[in-house]
Amino acid sequence: MKPIVVLAWLCLAVTLAAGSPVLDEDASAAASVQRGRMQFMFRCGGCHALDVNRTGPALRGVVGRPAGSLGTFGYSSSLAHSGVVWSEQMLDQWLTAPSRLVPGTRMTVTVKSAEDRHTLIAYLRSVSR
């Protein structure tokens with residue numbers, strides 16, 4: 001076997017034995033999305049669904065969408081005229097304190113844990129593509 005082939009196999013073996021950072025990041029991201037899915041079901045599912053409006057609007061595609069713009073839902077005037085676009089940073093602020101971000105909103109539920117907010121947002125991002 002040529003030395004370059006042996007070196008390539010050796011590098012591959014060392015990478016696999018040590019754990020590939022790319023594979024570890026992918027696995028971590030997938031786990032975060034799964035935890036976020038559970039967060040969504042237990043924390044948000046009473047008022048929200050992905051594809052139908054309930055007490056709150058449908059949330060599939062929310063990341064990147066202007067607040068109050070889903071034409072099939074009756075938003076509060078304050079949210080509909082807020083000018084907010086749902087980026088990950090805005091969702092984090094929203095889930096921390098909705099009425100601080102948009103005074104007069106009807107949403108009162110908060111998510112105190114930063115980890116819970118981040119996994120929930122990872123899930124919402126995954127269903128917004």
Side-chain angles (χ1 to χ4, degrees):
M1 198 178 284
K2 294 184 179 182
I4 192 75
V5 173
V6 172
L7 182 59
W9 278 108
L10 182 59
C11 288
L12 178 61
V14 168
T15 299
L16 291 175
S20 169
V22 172
L23 294 176
D24 290 345
E25 287 175 18
D26 289 347
S28 177
S32 183
V33 167
Q34 275 305 104
R35 284 191 309 274
R37 181 175 167 271
M38 297 304 290
Q39 290 287 328
F40 182 83
M41 289 173 27
F42 292 110
R43 290 181 178 264
C44 311
C47 294
H48 293 278
L50 291 179
D51 299 309
V52 296
N53 295 326
R54 292 187 176 164
T55 303
L59 293 179
R60 185 179 305 277
V62 70
V63 176
R65 183 167 72 202
S69 66
L70 192 61
T72 59
F73 187 80
Y75 295 93
S76 66
S77 175
S78 57
L79 190 59
H81 296 96
S82 67
V84 168
V85 174
W86 294 125
S87 66
E88 294 175 40
Q89 294 78 19
M90 292 304 261
L91 285 166
D92 188 52
Q93 290 178 38
W94 175 255
L95 294 169
T96 300
S99 60
R100 189 176 332 140
L101 182 63
V102 181
T105 185
R106 291 190 299 247
M107 180 158 154
T108 59
V109 174
T110 61
V111 180
K112 297 296 180 197
S113 163
E115 181 181 352
D116 290 350
R117 288 192 311 273
H118 295 162
T119 59
L120 181 54
I121 293 165
Y123 174 66
L124 291 172
R125 181 183 57 238
S126 78
V127 298
S128 291
R129 296 179 184 150

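FYI, the numbering just counts along the sequence from 1.
- Scanning for side-chain hydrogen bond (donor to acceptor under 3.5 Å, both in side chains) contacts around T55 gives an empty result, with sequence neighbours left out.
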Review point. Do L79 and W94 pass the side chain to side chain contact (heavy atoms under 4.5 Å, CB included) test, and can you show the C-alpha distance, the side-chain angles, and the key distance before you say yes or no?
Key: CA-CA 11 Å; L79 190 59; W94 175 255; 4.0 Å; yes

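- Among pairs with a residue in residues 57-70, those fulfilling salt bridge (charged side-chain N to carboxylate O under 4.0 Å, His left out) read D51-R60, at least two apart in sequence or across chains.
- Note that the CE atom of M107 and the OH atom of Y75 stand 12.0 Å from one another [nearest 0.5 Å].
- V85 and F73 are not part of a single hydrophobic cluster, where members link through side-chain heavy atoms under 4.5 Å apart.
- Atoms CD and CG, from Q39 and L95 in turn, are 10.0 Å apart once rounded to the nearest 0.5 Å.
- In this structure, NE2 on H48 lies 9.5 Å from CG on L124, to the nearest 0.5 angstrom.
- Contact between A97 and T110 at its shortest, heavy atoms only, is CA-CG2, 4.3 Å.
- Closest approach of S128 to V63, counting heavy atoms only: OG-N, 3.2 Å.
- The minimum heavy-atom distance linking S78 with V102 is given by the pair O-CG1, 3.6 Å.
- Hydrophobic cluster of F42: the remaining members, joined at side-chain heavy-atom separations below 4.5 Å, are M38, M41, listed by chain and number.
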**Study point:** Chi angles and distances behind the side chain to side chain contact (heavy atoms under 4.5 Å, CB included) call for V111, T96
**Key:** CA-CA 6 Å; V111 180; T96 300; over 6 Å; no

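- Evaluation of the salt bridge (charged side-chain N to carboxylate O under 4.0 Å, His left out) test over residues 69-91, restricted to residues two or more places apart or in two chains, returns E88-R125.
- The stretch residues 105-121 participates, sequence neighbours left out, in these salt bridge (charged side-chain N to carboxylate O under 4.0 Å, His left out) pairs: R43-D116, D92-R117.
- Between the CG atom of L120 and the SG atom of C44 there is a distance of 4.5 Å, given to the nearest 0.5 Å.
- Panel note: side chain S126, backbone Y123; a donor-acceptor pair is recorded below 3.5 Å.
- A salt bridge (charged side-chain N to carboxylate O under 4.0 Å, His left out) check over residues 69-81, counting only residues at least two apart or in different chains, returns nothing.
- With rounding to the nearest 0.5 angstrom, the CZ atom of R100 is 14.0 Å from the OG1 atom of T105.
- Using a 4.5 Å heavy-atom threshold, the side chains of L70 and V62 count as separate.
- L50 and V127 make their closest contact through CD2-CG2, 3.8 Å (heavy atoms, listed as atom of the first residue, atom of the second, distance).
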